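It should be emphasised that the depicted structure is a prediction, and the values quoted were computed from it without experimental measurement.
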Amino acid sequence: MSTFAVVTLGCKVNSYESEWYCEQLKERGLTEVSYKEEADVYIINTCAVTNVASSKSRQKINVLRKNHPQAILCVVGCYIQTSLKEQVFEGIDLVIATAGKKQLPDLVMKELEKRDRIVVYEDTREYMMDEMPLQNYHQTRAFLKVQDGCNQFCSYCIIPFARGKERSLPLEDVMETAKRLVQSGHKELVLTGIHTGRYFDGEHHLIDLMRALMTIEGLKRLRISSIEITEVTDEMIQLMKEEPRIARHLHVPIQSATNEILKKMNRPYTVEQFHQRLQEIRNELPQISISTDVIVGFPGETDELFEMTARNLAMLEFSFLHVFPFSSKKGTVADQMNDKVASQTKKKRVKCLTELSSRLYNKYKQSMLHQVKEVYVEIFKNGVLEGHTSEYLPCCIKSEKDARNEMIPVSLTHLDDGQLWGIWLKKGE
């Protein structure tokens, strides 16, 4: 019996696609093993969102090719789509860019029968949404890919070139996969996409999909992986108010907190507009957790502009920040910009905002103490349950009983070195 191993780099969409590859190959009779073990087939699901991501993809390819010269090496994903013309894939048996992903399982089987190098590289401009319906997911919380591609063309981002134009899975297909995942035991689903907030299947928008998913019996929580501030509609806020099963957490990328840099990034809002919308959301959902992404060291970001960004981020009071140093990407508008920021300066700025994030996060966690929250338990180890609240707060609970994959009421009692702890409120106790 042939074996395979998958290495996944990058985003939640890649994680979902890797899960589908695994499920399909298992259905064809292959056995999955760790990529650290010997396998007949190695699949690398690559990322190209930054130069660091591309470098990691190249490194993984080179290491696996060197260590397993007799195995079939399959490389798929964004790094392929953006780098194939550079001819860096010598010695790889199966090269699959964005528009060929659905063919991967069959092509792997073909390679196992007859070693014959295959390259699948097509124009993504007319590429339609591939349906990749899952039966199950390897972890408690299940990702659900509903959208792909992006039309925004932020000046720093290669993803529109790697993933192609926006496209969405028909609502009926999403519902079928969602029902299967819930029936297989997943109580929380996470809607994922490259630009999830722009979900539109030609008839239904994201709000319609969310309402439809709320009709699935057994679904305890629905989460959106990421959404732009311009896409958090009044309808969505109202639905969240009415439906407690929709997670009280929104990850809303701001990327910079100065208007000058936002304009250079080609982001569709000002700091003032972002702030106003945050206030409107919090007025309706007072304790909601709102986190964000920030890029520091974008070309032209002076010390004064960075200090303004830091002040504005503190004022906006996100629950936490994901901070990234700007990484110039060949093929993007930003790559041609002058006034590049030195690496050491970017490191200092990352450190500054990371420390701000820690302060904001601790403040937010403190505000949640002595409240009862539903925790979705994902881990049971050494007498401790670990899971997340609706607000995406990681929580630990001492317990003699395994409650994995259960939604349990927890009184949040204290912080220990930043870790939130609580007590399971069991019925009859």
Side-chain angles (χ1 to χ4, degrees), residues 8 10-21 23-24 45-49 76-84 96-107 120-134 137 142-154 157-181 189-213 222-228 230-233 235-236 251 253 266-268 331-332:
T8 305
C11 65
K12 293 181 176 66
V13 177
N14 266 12
S15 295
Y16 181 94
E17 291 166 354
S18 289
E19 198 76 20
W20 185 80
Y21 300 147
E23 195 168 273
Q24 292 295 309
N45 196 354
T46 63
C47 178
V49 69
V76 62
C78 292
Y79 179 55
I80 299 296
Q81 187 69 39
T82 58
S83 307
L84 187 66
I96 302 177
T98 297
K101 294 175 182 178
K102 191 73 180 288
Q103 303 174 52
L104 184 147
D106 289 335
L107 291 176
V120 182
Y121 182 86
E122 301 172 17
D123 192 334
T124 61
R125 284 175 292 184
E126 299 303 321
Y127 169 50
M128 301 305 292
M129 181 78 176
D130 270 340
E131 183 185 4
M132 295 180 168
L134 281 177
Y137 208 85
F143 298 149
L144 178 57
K145 180 186 172 184
V146 301
Q147 187 275 345
D148 207 339
C150 183
N151 298 349
Q152 175 63 36
F153 288 94
C154 296
C157 189
I158 197 68
I159 297 304
F161 303 97
R163 288 268 178 179
K165 68 178 182 179
E166 292 172 4
R167 53 204 181 273
S168 300
L169 199 63
L171 185 144
E172 294 79 11
D173 294 341
V174 177
M175 290 294 290
E176 286 183 18
T177 299
K179 287 175 182 176
R180 280 196 298 269
L181 289 170
L189 301 181
V190 184
L191 299 182
T192 64
I194 299 302
H195 202 148
T196 312
R198 293 279 295 236
Y199 175 88
F200 181 60
D201 68 353
E203 183 179 357
H204 307 98
H205 292 276
L206 181 60
I207 187 68
D208 305 311
L209 176 60
M210 293 171 69
R211 287 197 180 104
L213 290 166
L222 179 67
R223 193 179 295 279
I224 302 171
S225 60
S226 181
I227 190 168
E228 297 289 345
T230 53
E231 294 150 10
V232 184
T233 64
E235 279 186 291
M236 184 180 295
H251 186 74
N266 194 33
R267 299 293 288 171
T332 63

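- With a 4.5 Å cut-off on side-chain heavy atoms, Asn45 and Glu17 count as touching.
- One distance of note links OH of Tyr21 with CG of Asn14; it measures 7.5 Å at 0.5 Å rounding.
- Side-chain contact check for Gln152 versus Pro160: every heavy-atom pair is 4.5 Å or farther apart.
- For the 3.5 Å distance criterion, the side chains of Glu228 and His195 fail to qualify, holding no donor opposite an acceptor.
- Classified by interplanar angle (parallel below 30°, tilted 30° to 60°, perpendicular above 60°), the ring pair Phe200/His205 is parallel.
- Using a 4.0 Å cut-off between charged side-chain N and carboxylate O, Glu235 and Arg211 make a salt bridge.
- Proximity of Met210 to Ile224: side-chain heavy atoms (C-beta onward) are separated by under 4.5 Å at one or more points.
- Leu171 is not listed as a side-chain neighbour of Asp173, based on a closest heavy-atom distance of 4.5 Å or more.
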Begin from the C-alpha positions of Arg180 and Glu23 and carry the test salt bridge (Lys or Arg N to Asp or Glu O under 4.0 Å) through to its verdict. CA-CA 14 Å; Arg180 280 196 298 269; Glu23 195 168 273; over 6 Å; no
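- Under the 4.5 Å side-chain criterion, counting only non-hydrogen atoms from C-beta, Gln147 is in contact with Ile194.
- The distance from the CD1 atom of Ile159 to the OG1 atom of Thr332 is 11.0 Å, given to the nearest 0.5 Å.
- A heavy-atom distance below 4.5 Å is not found between the side chains of His251 and Ile227.
- Atom OG1 of Thr192 and atom OH of Tyr16 lie 8.0 Å apart (nearest 0.5 Å).
- The shortest distance between side-chain heavy atoms of Ile207 and Met236 falls below 4.5 Å.
- Looking at heavy atoms from C-beta onward, Cys47 lies out of side-chain contact with Cys11 at the 4.5 angstrom threshold.
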